[in-house]
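These numbers were taken from a predicted model, which means no experiment stands behind them. We name chains A, B, ... by the order of the sequence lines, and we start the count at 1 in each one.
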Amino acid sequence: MNQFLTFVQKEFYHVFRDKKSLLMLFGVPIAQILLFGFALTNEIKNSSIAIFDFSNDEISRQLVQKISESSYFEVTNLTISTNTPELDIEQVFKKQAAKIALVIPRNFGHELMHQNKAQVQVIADASDPNTANTLVLYASNSIMDFQKERTGISRFPYQITTEMRMLYNPELKGATNFVPGVMALVLSLICVLMTSVSIVREKENGTMEILLVSPFNPLMVVISKAVPYFFLSLVNLTMILILSVYLLDMPMNGSIFLLYFESTLLILTALSMGLLISNVTASQQLAMMISLMGMLLPTLLFSGFMFPLENMPEALQVFANIVPAKWYYIIVKNIMIKGLGITAIWKETLILIGMTSFFTFLSIKKFNVRLT
Amino acid sequence: MSVLPFLLRKEFKQIFRDHNMLRMIIVIPIFQLVILPLAADYEIKNISLAIVDSDHSDYSRKLVEKITASGYFIIPVAEESYTQAFEYIENDIADLLLEIPANFEKNLVKEQNESLFLALNAINGVKANVGGSYLGQIIADLNQEIRQELIAETRLSPIPQIEIMTMNRFNPNMNYNFFMVPGILVFLVTMVGTYMTSLNIVKEKEVGTIEQINVTPVKKMEFILGKLLPFWVIGIVVFSIGLFLIARLVYGVVPVGNIGILYAYLFIYLIVVLGIGLLISTYSHTQQQAMSLAFFFVMIFLLMSGLFTSIDAMPAWAKVIAYLNPVTYFIEVMRLVVMKGSGFADLKWHFGIISIFALVINAWAIMNYRKTS
């Protein structure tokens, strides 16, 4: 036991002396939380809009005003003229100067006043179909709002109103979606990638040979390599939780103890995969590639935090079931956001326990004492 | 006589001898290019909506019919009770819940005003938002119909109407792959270039063979060129496979614009990417370090490039990072040329910036590279 602790100590030294690898261990999670928390959003706002006002009357100017006040749009091109619009719009889109264009035809105000009916054109750059759809929707809503305000009728006759309630995440924060994903990603990153590479490194440099001929149990040599990463994962997890709760106001509605228990399961699964990979590879580059392919990419793809699972083809959705991170992601969301207990997630927990035991068993079984 | 050809021959031999690596260099990008666009489908569709109709009137049936016909929503079995429907939300079966109260029609006609209740699972905020807006439009539509029907009977003056005509340019079929595939291709070229270059050089450091080259009269520039040129070629090969085989055959993405412009841009862009790889290698001693540095920066490049999320929506400080990121520019160029057929005149600015990147990063990397440690 004493010997084992000495080995663990050696491994800790290895990890902490390598400042650049610490960037991977702590830089990646911090950067991800900050970027996802403050820079990245799937929301669509401040989109560039080009407005062509060929009417230039009182009402059209009011409409332009209304659109430019909206937080969804930022007017980048405002053309007020009487020329044909077609060519200009094409140019604007090709230079990426706007994502949507609003064309107010000639006599817009006149027609609206005297015929009670007028037309506007909304042209979207549909190269990004999602944004285009949403922008068209926003533009239509703004125009409809404008119309309502202009008529000055505060309440239309026969009005259906809709009472809306946003459940679980009333302020529509992105954090609820990505924090559990970042947790799964970081755990698999550290445990699979760093563990396998650091073991294979000893092989590549020839120092593994020396460790294996020592009287120390060979399996323990490898396990002692995994121990620092196990603790670092827990530290990392804690750090992510603190950042997301205090900096991003992420709720922590469920039991912290349960969360750590489930996380430990994922860490063990990942560590045993790391050991497995280090067993079958001889070069660091290969170990890295297999880790990326085998664990990191599936975690990124199929946990559902960056890419919506329900939109994927059937085959990929079925495949996602064998990715541990998918289950972990569901568990974390249920615990942290919905505040549910073990009764709600026992099924996912059982699946995770099954995967953990399978991989642990496999990696011990596959362990080789001889290098070649 | 320069020694460069000999160095190049050595590098190519080393790369082609390592079958495992070669497979990874070619297979991983192709695999990713096939899988990623399937996965990265952000189109908001399949919104599932539970409807509780407690009214069972003409209007409420009309509303349900309209919602079903819109095609935006999947409607699980219509529920009779609110609590039952709410369970759907709790168990993630439904994203939205619409309750039509009893006497909806009666109150609307009599009191000229009635409320519907809508609950949205907002964990996925975007889905909730878009689902809510779609539903809002459908309700507004129905409202308009009902109003016209009722008002026509009482002969009130019509309300002024602005009619909105919408049109989608460049991608009228709204094919999401056309948008994602070009961007993902850029990302893959970036990843292969950065990782491979930095790891390849650092491996020689870690194993010690770089010492043997350092004691020969091979010049610094020759060594660097010998290392970078093979990956420049590999980058072009990976890009071509992606553009002609995967994008065209699997996804049917055919560039509208000039392919020559794409390649011209790729040639300069690869110099930037390889420069970053070289720069990372000058700062690391072990492959693990190089990998950590490369992973860290490539991750930030990827997230801040506008590949998955829009740059417009970022706060000002993040926009600065996004525009200091070479990946951003190539992704824009790819999307502009492939989908809109932008020409060189539209892209002058992009070409200028990427050239500056190429100069600055490579100058930095070469200055930082030492033959002696």
Q: Could you have a look at B:Glu99, B:Met304, B:His350 and say which one has the most heavy-atom pairs with chain A under 4.5 angstrom?
A: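 Most pairs with chain A among the choices: B:Met304.
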Q: Of the backbone (N, CA, C, O) and the side chain (C-beta and beyond), which part of A:Phe38 lies under 4.5 Å from a heavy atom of chain B, both, or neither?
A: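 Its backbone and side chain both get close to chain B.
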Q: For chain A, which of B:Ala290, B:Ala140, B:Ala318, B:Ser342 has the most heavy-atom pairs under 4.5 Å?
A: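 Maximum pair count with chain A is reached by B:Ser342.
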Q: Which atoms form the tightest heavy-atom contact between B:Ser305 and B:Thr328, and what is the distance?
A: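 What the structure gives for the nearest pair is CA-OG1, 3.6 Å.
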Q: For the pair B:Glu105 (side chain) and B:Tyr59 (backbone), establish whether a donor and an acceptor sit closer than 3.5 Å, ignoring hydrogens and angles.
A: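 Checked: pair present.
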Q: So which of B:Val337, B:Ile300, B:Leu347, B:Thr286 has the largest heavy-atom pair count under 4.5 angstrom toward chain A?
A: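 So the answer, after comparing B:Val337, B:Ile300, B:Leu347, B:Thr286, is B:Thr286.
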Q: Could you measure the distance from the CD atom of B:Glu145 to the CG atom of B:Asn143? Nearest 0.5 Å is fine.
A: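 Interatomic distance, B:Glu145 CD to B:Asn143 CG, rounded to 0.5 Å: 10.0 Å.
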Q: With rounding to the nearest 0.5 angstrom, report the CG to OG distance, B:Leu97 to B:Ser48.
A: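 So the CG of B:Leu97 and the OG of B:Ser48 are separated by 10.0 Å.
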Q: To the nearest 0.5 angstrom, please state how far the CE atom of A:Met250 sits from the CE atom of A:Met336.
A: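 The CE atom of A:Met336 is 4.0 Å from CE of A:Met250, to the nearest 0.5 Å.
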Q: Would you mind checking which part of B:Met314 comes under 4.5 Å of any heavy atom in chain A, side chain (CB onward), backbone (N, CA, C, O), both or neither?
A: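 Its backbone and side chain both get close to chain A.
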Q: Answer with side chain, backbone, both or neither: which region of B:Trp317 has an atom nearer than 4.5 Å to a non-hydrogen atom of chain A?
A: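 Looking at B:Trp317, just its side chain touches chain A.
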Q: Any Lys/Arg nitrogen of B:Lys340 or A:Asp125 sitting under 4.0 Å from an Asp/Glu carboxylate oxygen of the other?
A: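 Counted as a salt bridge, because a side-chain N and a carboxylate O are separated by less than 4.0 Å.
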Q: Measuring heavy-atom distances to chain A, does B:Leu199 have an atom under 4.5 Å in its side chain, in its backbone, in both, or in neither?
A: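 Answer is both: backbone and side chain atoms of B:Leu199 are under 4.5 Å from chain A.
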Q: At a 4.5 Å cut-off on heavy atoms, which part of A:Ser48 comes close to chain B: side chain, backbone, both, or neither?
A: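 For A:Ser48, backbone and side chain are both near chain B.
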Q: Please classify the contact of B:Asn200 with chain A as side chain, backbone, both or neither, using a heavy-atom distance under 4.5 Å.
A: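 It is the backbone, since no side chain atom gets that close.
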Q: Out of B:Pro315, B:Gly208, B:Ala322, B:Gly343, which one racks up the most heavy-atom pairs below 4.5 Å with chain A?
A: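 It is B:Pro315.
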Q: Using ring-ring contact (aromatic ring centres under 6.0 Å, His included) as the criterion, list what pairs up with A:Phe73, not counting sequence neighbours.
A: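 ring-ring contact (aromatic ring centres under 6.0 Å, His included) check on A:Phe73 returns nothing, list empty.
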Q: With sequence neighbours left out, write down each residue that passes ring-ring contact (aromatic ring centres under 6.0 Å, His included) with B:Phe178, or none if nothing qualifies.
A: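 Applying ring-ring contact (aromatic ring centres under 6.0 Å, His included) to B:Phe178 gives none.
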Q: Please classify the contact of A:Glu204 with chain B as side chain, backbone, both or neither, using a heavy-atom distance under 4.5 Å.
A: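 Only the side chain of A:Glu204 comes within 4.5 Å of chain B.
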